[in-house]
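What follows is a single structure, written as structure tokens, with notes after it.
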Amino acid sequence: MLYILATKGIPGVQDIELENKMPCERVLLSSWEQRHCCTLPEDLKQFYFTSDGYRLIWNYEYAGEVLPIGNMRINSISELRRLAGLKSSGDADCPNLLDIEICNQSSSSKMPRPNFGVKCKIFELDPCQGIGKVCLVYMDKCENESDLRREDPKIWLLDRCFEWHFLANDFLQYFRTMLVHMGLPQWQFRFTPMGLTPWAE
């Protein structure tokens, strides 16, 4: 993977850097699953058994200036933190994510979307350099369904307006899509109604 960009022969690409990650220990994965009461999908488990996270960055030289362009990232198991569904112990007058979501709810969507209630479990896979968050989302489980046997999670993008955008049915599909787009800025937004910004295009 270190030379994926160089082998494509793209002029201007330089400073390709791949962080070396050790495989994740099984006990850490088991501990994560027990702590969050949910089972990681098999493809994501196999990924973590190979590498505890992933980060590849690269720069691009344009008009004599070196620009940081490429950024491909998957959080390590310790960084795979839950974003929502947690009760806040802060100021009761301060809105939390669930309050914001209730105010922004739209009935026009046909596809069930993640929510910030306690039943939906959302974990951050990639912070997207601050422009959003790629999330591993376990949707609300059925009443007769246990936490450990709920439907396999999907990959969603949460933008800065707290709108949800579906990206992939599973982790492997998302990871392949990320590699195809080579970590270009805002590539995830190609799959949203707003699309890419003029700069990213």
Is it the case that over 12 heavy atoms from other parts of the model lie below 6.0 angstrom from the CD atom of Glu19? yes

For the CZ atom on Arg35, are there more than 12 heavy atoms of other groups (residues, nucleotides or ligands in this structure) within a distance under 6.0 Å? yes

Give a yes or no on whether the backbone of [Y] and the side-chain of [X] come within a donor-acceptor separation of less than 3.5 Å.
X: Glu33; Y: Leu40; answer: yes
X: Asp152; Y: Pro41; answer: no
X: Tyr174; Y: Lys154; answer: no
X: Asp126; Y: Met72; answer: no
X: Asp43; Y: Leu172; answer: yes

Which distance, rounded to the nearest 0.5 Å, do you find between the [atom1] of [X] and the [atom2] of [Y]?
X: Cys135; Y: Arg82; atom1: SG; atom2: CZ; answer: 12.0 Å
X: Ile74; Y: Asp52; atom1: CD1; atom2: CG; answer: 12.0 Å
X: Cys37; Y: Tyr138; atom1: SG; atom2: OH; answer: 11.5 Å
X: Asn71; Y: Trp187; atom1: CG; atom2: CH2; answer: 11.5 Å

Where do [X] and [Y] come nearest, in terms of heavy atoms and distance?
X: His181; Y: Thr177; value: ND1-O, 2.9 Å
X: Gln173; Y: Asn169; value: OE1-N, 2.9 Å
X: Lys121; Y: Cys38; value: CD-SG, 4.3 Å
X: Ile77; Y: Cys24; value: CG2-SG, 3.6 Å

Please tell me whether [X] and [Y] are part of a single hydrophobic cluster in this structure, the criterion being side-chain heavy atoms less than 4.5 Å apart.
X: Leu136; Y: Leu29; value: yes
X: Val66; Y: Ile57; value: no
X: Tyr54; Y: Leu184; value: yes
X: Phe49; Y: Met22; value: no

Does one side chain, of Asn115 or Arg113, offer a donor that lies under 3.5 Å from an acceptor on the other?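 No, no side-chain donor-acceptor pair sits under 3.5 Å.
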
Classify the ring geometry of Phe47 against Phe175: parallel below 30°, tilted from 30° to 60°, perpendicular beyond 60°. tilted

Classify the angle between the aromatic ring planes of His36 and Trp32 as parallel (below 30°), tilted (30 to 60°) or perpendicular (above 60°).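 Geometry flag for Trp32 against His36: tilted rings.
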
Trp156 meets the ring-ring contact (aromatic ring centres under 6.0 Å, His included) criterion, sequence neighbours left out, with Phe166

